[in-house]
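To find a chain, count down the sequence lines: A is the first, B the second, and so on, and within it residues start at 1. All figures in this text were calculated on a predicted structure; none of them were measured in a lab.
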2 protein chains.
Amino acid sequence: MYVTSPVSFFENSQAVCARFVNEGNAGHSHISHVPAGHRLFCDGDDADYIYEIMEGVVRTSKLLSDGRRQVLSFGYPGDIAGLSHDHFYHSDCEALSGVTLRLHHKNAFNVSFENEPDFNNELLKYAAAEVNNMQEHFIMLGRKSATEKVASFLITLMDRVGQKNDCNTCFELPMCRSDIADFLGLTIETISRTLTKLRAEGVIELPKKQQVLVCKPSALRALAERN
Amino acid sequence: MYVTSPVSFFENSQAVCARFVNEGNAGHSHISHVPAGHRLFCDGDDADYIYEIMEGVVRTSKLLSDGRRQVLSFGYPGDIAGLSHDHFYHSDCEALSGVTLRLHHKNAFNVSFENEPDFNNELLKYAAAEVNNMQEHFIMLGRKSATEKVASFLITLMDRVGQKNDCNTCFELPMCRSDIADFLGLTIETISRTLTKLRAEGVIELPKKQQVLVCKPSALRALAERN
DNA sequence: CGAAGTATTGACTACCTTCAAAAATTGTGG
DNA sequence: CCACAATTTTTGAAGGTAGTCAATACTTCG
């Protein structure tokens, strides 16, 4: 069953990354699969579900009336999407790859989930960690240069999903250049130019368009913090 | 008693703005006053308290090692500061004016506040609303021009603390230009130039440096969304 | 193989920053 | 209350980073 409701949130940021763990498994949940490119929910829809990502990657974003877009987060396994403070989603969420989700029906709780204290506590922990991650991203958007943004982004993914071989670390980019651009507050051209520059400097390699090999992790980390 | 512990969060953003309301008044709390310019807490300190702002304004911010700063939020009455996903604060928090606070001692709860379900639920509601507000601010930082940023910022304050007289709305700016600049990801010069431009266009007046009179609210709203 | 979409590269522009100085505001001591 | 210093804000000029517009290359898919 492919859900087509609205909003979510999540953030894959630096250091701290408390994962959502639903130990109690409150009962009012079920597993669902969504293929790549399909919507989980849209801005404005009734917020019926909270989505726990088990496999795959999702993208949450917001649109301005003039078409500008801000990607809010890329949701990886362990993240949740669709948390709302009211009865509506306030962003769009789409599967970037095939995803496996656990859906928690909100009618089973009320707006504040009072009937499920354990689930509630997990959500609070997750939300607090999320706030912390989003604060890191504020620095990214507000105070970092293009190079620092791209380097920071690559490091986040490397630390979270990178496969280590020898001194290299390899990972996939399930999102396209424009997703990265709209996540970092840049244009696709700047993303492309910056990746080309990092490649020219021997810091990374791009075996495929959507695959990154980090050759000099320490150099990449240095670039993430200085101009 | 002037607390000098660390970190917090909050955000004063658009439309939705669920205020924190501690109805239960869990008992493990007390009132405190902090004068203007004093610290509530610092990045890295033990997160012993959650701060409920009752009067005045606080500023939370993060510093990069090279001195760049990102202001995360301005906390007004009804906001909370100091929420943490672990045992430490991850930002600095300072009183911009004299503030009255209700302090909730974290030792009374544990990390996830399991012993206080009502307080917990209020926190979750607040955190979810906070995440929503922060997502709005992502758009601000990532996709808006300087004029749009300043206009959006003024509208947020106008809607939240503005005093209506006739067709004008007046409010104070308890923060200085550099605080605004570091909140919006701009420089103080750009803030100043943009305010000057808005004044020249008759959209606002600045009777004092830290006082704003919005003469054309609809024009200001238009500027907040277009280039 | 050709078409469509995505990514890269190039040339030019513009917005915001940086550097610098003047003006305004605030605070302190006589 | 005034004078002077210190800080903050405003204004000006010049420069740089990232954006825009445009063309080419690459990838994917029919």
Side-chain angles (χ1 to χ4, degrees), chain A residues 35-37 59 64 66-71 96-97 140-154 172-201 204-212 223 226-227, chain B residues 35-37 59 64 66-71 96-97 140-154 172-201 204-212 223 226-227:
Chain A
R59 178 198 66 218
L64 285 179
D66 60 5
R68 282 176 292 181
R69 185 182 70 151
Q70 179 67 42
V71 169
L96 291 179
S97 62
M140 185 102 124
L141 291 172
R143 285 290 170 231
K144 290 194 175 184
S145 69
T147 301
E148 290 173 320
K149 284 177 177 179
V150 172
S152 300
F153 177 68
L154 294 178
E172 300 292 320
L173 291 178
M175 68 292 290
C176 66
R177 298 293 188 264
S178 71
D179 289 336
I180 300 174
D182 288 343
F183 183 59
L184 299 179
L186 298 169
T187 61
I188 53 173
E189 292 94 334
T190 299
I191 300 297
S192 184
R193 276 186 249 272
T194 306
L195 288 175
T196 299
K197 194 184 71 174
L198 292 178
R199 201 173 37 176
E201 291 168 353
I204 62 169
E205 283 176 29
L206 299 170
K208 301 172 188 173
K209 303 274 175 194
Q210 307 221 331
Q211 195 174 52
V212 180
L223 285 170
R226 302 172 222 290
N227 266 306
Chain B
R59 178 198 67 220
L64 285 179
D66 60 5
R68 282 177 293 181
R69 186 181 70 151
Q70 179 66 43
V71 169
L96 290 179
S97 62
M140 184 101 124
L141 291 172
R143 286 289 170 234
K144 290 195 175 182
S145 69
T147 301
E148 290 173 319
K149 284 178 177 180
V150 172
S152 301
F153 177 68
L154 293 178
E172 300 291 320
L173 292 178
M175 67 293 288
C176 66
R177 300 292 188 264
S178 70
D179 288 336
I180 301 173
D182 288 342
F183 183 60
L184 299 179
L186 298 168
T187 60
I188 53 173
E189 293 94 332
T190 299
I191 300 297
S192 183
R193 275 185 249 272
T194 305
L195 288 174
T196 299
K197 195 186 69 175
L198 293 177
R199 200 173 37 176
E201 291 168 354
I204 62 169
E205 284 176 29
L206 300 171
K208 301 172 186 174
K209 302 275 175 196
Q210 308 221 332
Q211 196 174 52
V212 180
L223 284 170
R226 302 174 222 287
N227 264 309

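- In terms of heavy atoms, A/E148 sits closest to A/S145 at OE1-N, 2.8 Å.
- Spacing between atom NZ of B/K144 and atom P of D/dG19 amounts to 18 Å, rounded to whole angstrom units.
- Contact between the side-chain N/O atoms of A/S145 and the OP1/OP2 oxygens of D/dT17 is not found at any separation under 4.0 Å.
- Using a 4.0 Å heavy-atom criterion, one finds that B/T196 contacts the sugar-phosphate atoms exclusively.
- Residue A/K209 contributes atom NZ, which lies 9 Å from atom P of D/dT28 at whole-angstrom precision.
- When the side-chain nitrogen and oxygen atoms of B/S192 are compared with OP1 and OP2 of D/dT9, none of them lie within a distance under 4.0 Å.
- Taking 4.0 Å as the cutoff to heavy atoms of chain A, we find the contact window on DNA chain C bounded by C/dA7 to C/dA11.
- Between B/F153 and B/M140 the shortest heavy-atom distance is N-CE, 3.9 Å.
- If you take NZ of B/K208 and P of D/dT9, they are 15 Å apart, rounded to a whole angstrom.
- B/E189 has its CD atom 14 Å from the P atom of D/dT8, to the nearest Å.
- Formation of a donor-acceptor pair under 3.5 Å by the B/T190 side chain with backbone atoms of B/L186 is not found in this model.
- Residues B/R143 and A/D182 are paired through a salt bridge, judged by an N-O separation under 4.0 Å between the basic side chain and the carboxylate.
- Taking the charged nitrogens against the carboxylate oxygens, A/R69 and A/D179 do have a contact shorter than 4.0 Å, which makes a salt bridge.
- Rounded to whole Å, atom P of D/dT24 lies 17 Å from atom CD1 of A/I188.
- Within the nucleic acid shown, B/L186 comes within 4.0 Å of sugar-phosphate atoms alone, with no base atom in reach, counting heavy atoms only.
- Atom-to-atom, CG of B/D179 to P of D/dT7 comes out at 16 Å; the value is rounded to the nearest Å.
- The listed nucleotides are D/dA13, D/dT10, D/dG19; the one nearest the side chain of A/R193 is D/dG19.
- Comparing A/R177 and B/A146 along DNA chain C, the residue whose closest nucleotide (by nearest heavy atom) sits nearer the 5' end is A/R177.
- A donor atom on one side chain and an acceptor atom on the other are found under 3.5 Å apart for A/E172 and A/Q211.
- D/dG19 atom C1' lies 12 Å from atom NZ of A/K149, rounded to whole Å.
- The two residues A/K149 and A/L141 come nearest to each other via the heavy atoms NZ-O, 3.8 Å.
- Using a 4.0 Å heavy-atom distance criterion, B/I191 is classed as making no nucleic acid contact.
- Put simply, B/Q210 has a side-chain N or O that comes within less than 4.0 Å of OP1 or OP2 on D/dT9.
- Atom CG of B/L173 is separated from atom P of D/dT9 by 10 Å (rounded to the nearest Å).
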